[in-house]
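Here's the structure, in structure tokens; my notes come after.
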Amino acid sequence: MTAVDGPVHGTWEPHPATRWEDGFLSGNGHHGALVFGDPNAERVVVTHHTLVRPSGNGPHRRPPRLAAELPGLQDRLLAGDRTAAEGFTDGRPHQWVQPFHPAFQVSLVRPAAEGGDGGDGPDGGDGGGGGDYRRDIDFTTGVVRAAGAGWTSRVFVSRGDDVIVQHVTAPPGLTLDISLDHRLPGAPAALAVGHGAIVTPEGALLSLRARYPEGDRAFTGVTLVVATGGRTALAAPRVRVEGAPSVLLLTRVRRHTGGLDVTAEGRALRDLPLDYDALLDRHAALHRPAYERVTLDLAADPAERALPGSELLKRPRDRALLERLFAAGRYHLLSSSGLFPPRLTGLWTGEWNTAWSGAFTNDANLNLQTASAAAAHLPEVTEAHAALIQSQLPDWRDNARAVFGARGVVAPAHTDGESGHSYHFSREYPLHLWTAGADWLLGPLVDHDETHGVRDPRTAAALAEVALFYEDFLTRTDGDGRLVVVPSYSPENRPADASWGTVNAAMDLSAARHALRTAADYHPDGPDADRWRALADRLPPHRINEDGALAEWAWPGLADSYDHRHLSHLYGVWPLEEITPYDTPGLAAAAHRALELRGAENDSAHGHLHHALIAARLRDGGRLAHALGQVLDGDFFHASLMSAHYPNRDVYNADAAHTLPAVLIEALLQSTPHRLVLLPALPPSLPAGRLTGVRTRFGAEVELIWAPGRARAVLKPARTVRIEVRTSSGDAESIDLVAGEDHVLSIGTW
């Protein structure tokens, strides 16, 4: 951990983790490591983004073929049948996507002869490590360290070599029993497991192969054990190292069908530098610059900054906690993004029965978790997000054809990372009716392009396919000649007086308008641009209901259901700029009224922080602080600083951990391609601070310093542009930025 006149970039605990949820985390976006930190029985749970258990239900993992029935459904809904969509199904049972699961744990046990008990310490104590025990994690390197009684373990997951690195030292020598153990909570009894252990000139090679009960799919883990000095011997399926001052372990996991050449996997590990420092240098050269691009200093008390994370969590309103959660959120988001963006659990889990299948939940959670990627200068996250989308576009095309009989693409509400087909739906959750998903998921890629000033041709092509879908789907009109989105669905809510599948959900209207106009902007000289803009202009406006609130359904007669965790109807406020206090003050006031009326339903973390993000866009710092406070006061964070879905650390889930940095950035600074807003929703509890390295969508890096009654922002533009600057007072000023020339903005006397 590092702390030089500023926030701590890491966290620590004086005891090992006795629960997997409290284990410290390392990852490279492919492999993950969950580290307990017990000096007598070190356990490292190994995960990989590709590890999902086959469902064994192939025919139902395709989208339902309902296109022929679509015109009839549209007729019934437009005629006033408010339950018509409940029968729009092929009769299949409700089916979750394939569940994410861990691989195994690497177990390093010090036998009793070495002075350890081979297990956790009494009452969650130091595991025999004595009073000098400490475990910590350095966010700048991703290294998890545990030390006690002259024994030190270090673990990180390499971005440079895609391998889990463990290094254990105990001069003058240690004895360890090392094994790979698949027996984690919820592991299927029918999992077919085979172990292997051989001695090589470099050390010992352990392997574990597990074949799922369903079919011939399997995963294999390989660990190379390299001892410095001492003696290495096989005690299959374990390896015993005796009298070695240090031991290096390198671990990889492969998901595969059929067999895997373990010998070749071992050779690949032996070809790496078998030196801890060399491996760390190769990794840190990639990880450290990404992590250090953005920092947040809230002028916290140095004594509070020095506290263990578990103690700091008992002080939910201390600024030191927000500093550390901001740092941890960026670290965990970066560490879980690579092959894919983060799942509901990021990249980690210690059990097989992962809530909601540990899926990528697209209708809210994924975009909330990655909301800070552009501003917090993490293009690695956006690239992982793009990789997931690009891999699934063929399945999105199948969804459009099968369900709607249309060209183009429709995104699913859930995915396991393998399939992008829309097959997770039911009467209460008709997720196959959700047409806004492609625009919602492509939005972060558009933000990235705006930030960097270059339009990715992959994003341009995908946007064109979204526009093609709307060309085929938007064929029905109302009595005023306006287009109608039918069927329409507002995740995961229903009107108070109708079923879930309805007409003109606000999110669907905003998404269709945005997708069509954005596709036209990406193809300004193409033959379709004018047609797409004209189609967007024919969509109806939002409706303001009898409570003065922006209605969740613009179709007359559909009553709002206010007590719900999702805020899909305010998509036009966040993340879009369709509704702003500056350009559409009337709609912004109605959106604010809708936010005031929204309940928290089941107190899910994503609901509270989604509320906070929208409050920030509507310049309501008090409401943002209240929503954030619900999470900070609700005991949502484990000692690992990974979060839970519900209060009292109920259900391991990355939503709060990954979304919190976006909330703080939006409270301090917001941008569009032509606007900068300084301190739009500053909570009263954050009177002073410094935010450095954030990126804007007009291509400038910003350093922001603020104190009571004053602020100073240094803009470092990468391109020349004219922008409007808005301040906390509401004043507006146009300024010209010149690429390569710093521009200083001041509020008050600095």
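Remark: the backbone N or O of A605 is not paired with any side-chain donor or acceptor of D655 at under 3.5 angstrom. Counting only distance, with no hydrogens or angles, the side chain of Q369 and the backbone of L333 share no donor-acceptor pair below 3.5 Å. With hydrogens and angles disregarded, no donor-acceptor distance shorter than 3.5 Å links the side chain of S337 to the backbone of E380. In this structure a side-chain-to-backbone donor-acceptor pair under 3.5 Å is present from S643 to N653. Not one N or O on the side chain of H658 forms a donor-acceptor pair closer than 3.5 Å with the backbone of S372. Using a distance-only test at 3.5 Å, with no hydrogens or angles considered, a donor-acceptor pair links the side chain of T659 to the main chain of L368. For D560 (side chain) and A551 (main-chain N/O), no donor-acceptor pair under 3.5 Å exists by modelled atom type. H452 places no side-chain N or O within 3.5 Å of a backbone atom of V454 that could act as its donor or acceptor partner. The backbone N or O of A559 lies less than 3.5 Å from a partner atom in the side chain of D497, making a donor-acceptor pair. No donor-acceptor pair closer than 3.5 Å links the side chain of T459 to the backbone N or O of V446.
Nearest heavy atom pair, residue W553 against residue S561, reads CZ3-N, 4.2 Å. The two residues R401 and A67 come nearest to each other via the heavy atoms O-CB, 3.7 Å. When all heavy atoms of H569 and A594 are compared, the closest pair comes out as NE2-CB, 4.0 Å. In terms of heavy atoms, W348 sits closest to G32 at NE1-CA, 3.7 Å. Among all heavy-atom pairs drawn from S422 and P64, the shortest one is O-CD, 3.4 Å. Considering all non-hydrogen atoms of both residues, G420 and Q392 come closest at CA-OE1, 3.2 Å.
Taking a cutoff of 4.0 Å between a charged side-chain nitrogen and a carboxylate oxygen, R538 and D480 do not qualify as a salt bridge. Between D547 and R593 there is no salt bridge, since none of the side-chain N atoms of the basic residue sits less than 4.0 Å from a carboxylate O of the acidic one. One finds a salt bridge joining R517 and D537 here, because a Lys/Arg side-chain nitrogen approaches an Asp/Glu carboxylate oxygen to under 4.0 Å. Between D416 and R53 there is no salt bridge, since none of the side-chain N atoms of the basic residue sits less than 4.0 Å from a carboxylate O of the acidic one. A salt bridge is defined here as a Lys NZ or Arg NE, NH1 or NH2 lying under 4.0 Å from an Asp or Glu carboxylate O, and R76 with E69 fails to meet this definition.
Between H414 and W356, the gap from one ring centroid to the other reaches at least 6.0 Å.
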Inset, instruction - Output, in order, the C-alpha distance, side-chain angles, deciding distance and verdict of side-chain contact (heavy atoms from CB on, under 4.5 Å) for L550 and I579. - result: CA-CA 11 Å; L550 190 143; I579 299 171; 3.5 Å; yes
Legend entry - Candidate pair D75 and R476, rule salt bridge (charged side-chain N to carboxylate O under 4.0 Å, His left out), full reasoning: CA-CA 9 Å; D75 289 342; R476 297 301 185 100; 2.8 Å; yes
Inset, instruction - Test side-chain contact (heavy atoms from CB on, under 4.5 Å) on L433 and W500 and set out the steps. - result: CA-CA 10 Å; L433 303 184; W500 294 267; over 6 Å; no
Legend entry - Verdict with supporting geometry, T354 and Y652, side-chain contact (heavy atoms from CB on, under 4.5 Å): CA-CA 8 Å; T354 312; Y652 194 81; over 6 Å; no
Inset, instruction - Show your working on side-chain contact (heavy atoms from CB on, under 4.5 Å) between L441 and L388 and close with a plain yes or no. - result: CA-CA 10 Å; L441 290 169; L388 177 64; over 6 Å; no
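S55 is not listed as a side-chain neighbour of E214, based on a closest heavy-atom distance of 4.5 Å or more. Contact check for H610 versus W574: side-chain heavy atoms found under the 4.5 Å cut-off. Looking at heavy atoms from C-beta onward, T382 lies out of side-chain contact with T370 at the 4.5 angstrom threshold. For the pair W434/W440, a side-chain contact is recorded, criterion being any heavy-atom separation below 4.5 Å from C-beta on. With a 4.5 Å cut-off on side-chain heavy atoms, V52 and R343 count as touching. Contact annotation: the side chain of R494 never approaches that of H564 to less than 4.5 Å [non-hydrogen atoms, C-beta and beyond]. Side-chain contact check for H432 versus L66: some heavy-atom pair is nearer than 4.5 Å. Contact annotation: the side chain of N493 never approaches that of S568 to less than 4.5 Å [non-hydrogen atoms, C-beta and beyond].
When only modelled atom types and interatomic distance are considered, S357 and W96 share no side-chain donor-acceptor pair under 3.5 Å. A donor and an acceptor atom, one from each side chain of H421 and D398, are located under 3.5 Å apart. Between S510 and H542, the side chains place a donor N or O and an acceptor N or O closer than 3.5 Å (distance only, hydrogens not considered). For the residue pair D603 and H608, a side-chain donor N or O sits within less than 3.5 Å of a side-chain acceptor on the partner.
Under the 30°/60° scheme for interplanar angles, the aromatic rings of F219 and W352 are found to be tilted. The aromatic rings of F100 and H49 sit tilted, their planes meeting at an angle between 30° and 60°. Between F473 and F404, the two ring planes are perpendicular [angle over 60°; tilted spans 30° to 60°]. By the 30° and 60° cut-offs, the orientation of the rings of H94 relative to H424 is tilted.
Note that CG of L628 is 12.0 Å distant from NE2 of H611, once rounded to the nearest 0.5 Å. To the nearest 0.5 Å, the span separating CZ on F636 from CG on L660 amounts to 12.0 Å. From L624, atom CG reaches atom CD1 of I614 across 11.0 Å, with rounding to the nearest 0.5 Å. To the nearest 0.5 Å, atom CG of residue D456 and atom CG of residue D449 are 5.5 Å apart. Here the straight-line distance linking atom CD of Q670 with atom CD1 of I665 works out to 11.0 Å at 0.5 Å rounding. Taken to the nearest 0.5 Å, the CG atom of L570 stands 11.0 Å off from the NE2 atom of H592.
Among residues at least two apart or in separate chains, salt bridge (Lys or Arg N to Asp or Glu O under 4.0 Å) pairs with a member in residues 564-587 are E492-R565, R513-E578, R565-E601, E577-R617, E577-R697, D583-R675.
Annotation: H626, atom NE2; neighbour count of heavy atoms from other residues, nucleotides and ligands within 6.0 Å does not exceed 12. Atom CG of D81 sits in a crowded spot, with more than 12 heavy atoms from other residues, nucleotides or ligands closer than 6.0 Å. The environment of CZ in R531 is crowded: more than 12 heavy-atom neighbours from other residues, nucleotides or ligands sit within 6.0 Å.
A side chain to side chain contact (heavy atoms under 4.5 Å, CB included) with P63 is found for one member of D395, V410, N399 and no other, namely N399.
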